[in-house]
Protein chains: 2
Amino acid sequence: MTATNGGHTPADDTAGTGHAGRPANGTRAGTAPGHAPAADRDTVAVVVRQWRAVHPELDTGPMEVIGRINRCAALLQQAEDAPLRRAGLSRPEFDLLGALRRTGHELTPGELVRETFSSGAAVTKRLKQLTERGLVERRGDARDRRVAHVRLTDAGRDLVDGILPEQLAYETSVLSVLAPEGQGELAGLLAELLGRLEGRTGAVRA
Amino acid sequence: MTATNGGHTPADDTAGTGHAGRPANGTRAGTAPGHAPAADRDTVAVVVRQWRAVHPELDTGPMEVIGRINRCAALLQQAEDAPLRRAGLSRPEFDLLGALRRTGHELTPGELVRETFSSGAAVTKRLKQLTERGLVERRGDARDRRVAHVRLTDAGRDLVDGILPEQLAYETSVLSVLAPEGQGELAGLLAELLGRLEGRTGAVRA
DNA sequence: CGAGGGAATTTTACGAGTAAAACACATGTT
DNA sequence: AACATGTGTTTTACTCGTAAAATTCCCTCG
């Protein structure tokens, strides 16, 4: 979207929360080559400054990172929803189809729940709709009559294969502001962080 | 949460989409000092591998970055919702209160919409609830009777001030997997990316 | 001054997700 | 074999957010 979509962010944040912060006040934030000082280049910087003015005693450092992650995610999702809506799909629906496509084989509703990180009820509803639209098919299991097996129809597969390149092309264009090494660094740092977050499920006490 | 919360991620992704990717197959993903190769340290790496197996011709690079941003955001939000729920607040509600707290002055509903990145209708509903709970107060404008001015009550201010340190402490603990320089780098890279995303509203065609 | 145009906010109708309960079935136990 | 227990999936009741329409009010212009 960013052009097509109406422009409503579902789960944003950053703004209200407090997510922004400052990496040490000395840690040069500008990582890029010859870029502006990025005083308040983005919304997060502004928010952090506000918090610091009100609560000078708090270390707002983490906000710089987490606030930006949240905001980037929100904007990216909004942007990438456009090609999906054009195809008449919501993101969660595409995620479901994508899971089937990338694993290459049938999945049960339960497996879709895990692959998709959504609730069982949500998966049930989506499957119902996607089945009606002819994008997926279900088949009962011979052994265990509780379980079902879901697979993509040809139409479903084609739809995913048609959208995916668009998504990747858009993502590539957005990331092009970063040098290739920058992209690698970013991926690496995020992988570390994600490793901790996914690590022992819920080990980090909130 | 990550321990308290039920465990339902609202707006996740990564899994189904395709967000993951690989920074060049040579770009060492491990950015940290002496860490494991991170072969499939996280979910995103697994997903990317699946996509590459199915569509070897596509450049899945951007997925490594964007997939991780999305997944990190989802997990962070889930984790940080715990202290909020304990206080009986949803994240959007806290965002609204936070906007009032950090700006330090009254805001109109319209301003809250902008600060909070949510729809007008949503703000209206939240204000209604928060007012009933005695966390905010409204006052009509003398000049223009269409506008209202919203301010935090003492209870509202205290609530925000009580929660914020918890949030920051949690964020600090999560980010502690990264060295301080790593955090700075991450903040800087994300700032660059965010700059582009926020830049000219919707300039990047999807 | 009275109408038109526009802005701020709220209301309405509805779609989508969640938690918890309900189902349907399989399996280990005695 | 009958049952308690546990798992896979769906159903139910409800909440929340959205889009679009409706309200209320300001301001300018003829």
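Just so it is clear, the structure is predicted and the values come from calculations on it, not from any experiment.
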Assign each of A/E93 and A/A142 to its nearest nucleotide of DNA chain C by heavy atoms, then name whichever residue's nucleotide is nearer the 5' end.
A/E93
Give the rounded distance in Å between these two atoms: CD of B/Q129 and P of C/dT10.
14 Å
For B/E198 and A/T43, does a side-chain donor sit closer than 3.5 Å to a side-chain acceptor?
yes
Between A/R143 and B/G110, which is nearer to the 5' end of DNA chain C once each is assigned its nearest nucleotide?
B/G110
Spacing between B/K125 atom NZ and C/dA13 atom P, to the nearest angstrom
12 Å
What about A/R145, does its side chain sit under 3.5 Å from the base of C/dA24 through a donor-acceptor pair?
no
Atom CG of B/L89 and atom C1' of D/dC16 are separated, to the nearest Å, by 15 Å
Return the value, rounded to whole Å, for the distance between atom CD of A/Q78 and atom C1' of D/dT18.
13 Å
Value in whole Å for how far the P atom of D/dG8 lies from CD of A/E115:
15 Å
Check: A/G88 main-chain N/O paired with A/R133 side-chain donor or acceptor under 3.5 Å
yes
Once you round it to whole Å, what is the distance between C1' of D/dG8 and CG of A/D141?
11 Å
Distance in angstrom units between B/R85 CZ and D/dC16 C1', rounded
12 Å
D/dT9 base / A/R146 side chain donor-acceptor hit below 3.5 Å:
no
Using a distance-only test with no angle check, is there a side-chain donor-acceptor pair under 3.5 angstrom linking B/T116 and B/R126?
no
